[in-house]
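Written below as structure tokens is the structure these notes are about.
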Amino acid sequence: SPAPSHETTDNPPQHTNKMSLARMSRATLLAAFLGALLLATPVTARRSLFEVAHDHDEHERCECVAKEEGWKIDCTTTTHITNANTYLTTAANDCKKKDASPTCCTNYHIVQSHHDHCTHEQVPAVLETTIHDYESFYDDCEVARQFDDDLSPCPTVTCSTAKDDLASVATDLQTATCNTDCSSATCKTLFQKVLMAHDSCEEDDIPSAIEDTLHTYEEKCEAQFCNSASKAFTLDDATCPAHSGAAAQRALSLAAIV
């Protein structure tokens, strides 16, 4: 009689195939469900559904947030800015808290992006108060400050040494009483360096207090603003990532571990 065969086979056992198919079926169903959920969700709510992947701690560009949520950064009119500020500050809308509604988040970003991008003459003065009152509850998006023909250039700041160079700037501004009177040459220099570092350096390259320092002194030092941009520019959302595609990819990744 022939000797028993010891030949191996590349085909896995049948029960393994069934298990793989079941797992694939669950993954496919979950991916389809999450994809449908994304499409059915209003644009203003999508960021809250996938907040981790959109993490604004990484400072997503404001023009990309605007594109995703269906609004525009426009410094030539104040109607939409005023409407956003009114919604945000109306107590009944409950926006003055962490983890507020997606609509609150959208209106905060409308206020914050115009406050940061437009010249002071172009936005309602009340935005200064709103930003101070609400910024601790939201993650800011990132937007470049627009060039202003009426301002002089900011002093040069070396980003690679800014942490050391500006380590004491908050204390120096306080010592010079710049929040009472910002008209001195000392206050002007200190404030403009803070502004330039904030606008032109990466967050990891500057002291952590720079953001708060700028917001603390920007109203009193309004006359000392300078240009961090070298010329006027147009915000471009053409290079913004396709967030719905990223969300679909996250759905597939999640399904893969089920």
query = Mind checking whether Phe225 and His120 have parallel, tilted or perpendicular rings, split at 30° and 60°?
reply = tilted
query = Counting only N and O atoms by type, is there a donor-acceptor contact under 3.5 Å from the side chain of His132 to the main-chain atoms of His215?
reply = yes
query = With a 2.5 Å cut-off on the SG atoms, do Cys118 and Cys75 make it?
reply = yes
request  = Tell me whether the centres of the aromatic rings in Phe233 and His117 are closer together than 6.0 Å.
outcome  = yes
request  = Could you tell me which non-hydrogen atom of Cys64 sits nearest to which non-hydrogen atom of Pro241, and how far apart they are?
outcome  = SG-CD, 4.2 Å
request  = Verify the distance criterion only: is there a donor paired with an acceptor across the side chains of Thr119 and Arg145 at less than 3.5 Å?
outcome  = no
task = Could you tell me how the ring of His114 sits relative to the ring of His80: parallel (under 30°), tilted (30 to 60°) or perpendicular (over 60°)?
result = perpendicular
key: Cation-pi geometry met for Lys96 and Tyr134 (6.0 Å, 45°)   = yes
remark   = From the list Thr130, Asn107, Thr78, Thr90, side-chain hydrogen bond (donor to acceptor under 3.5 Å, both in side chains) partner of Asn85 resolves to Thr130
task = For the cysteine pair Cys187 and Cys182, state whether the SG atoms are less than 2.5 angstrom apart.
result = no
request  = Would you mind telling me which of Asp212, Val194, Asn179 makes a side-chain contact (heavy atoms from CB on, under 4.5 Å) with Tyr217?
outcome  = Asn179
ask   = Looking at Lys72 and Asp237, does any basic side-chain N land under 4.0 Å from a carboxylate oxygen?
value = yes
message = Does Glu202, at its CD atom, have more than 12 non-hydrogen atoms belonging to other residues, nucleotides or ligands within less than 6.0 Å?
response = no
query = Do His109 and Glu69 have a side chain donor and acceptor closer than 3.5 Å?
reply = no
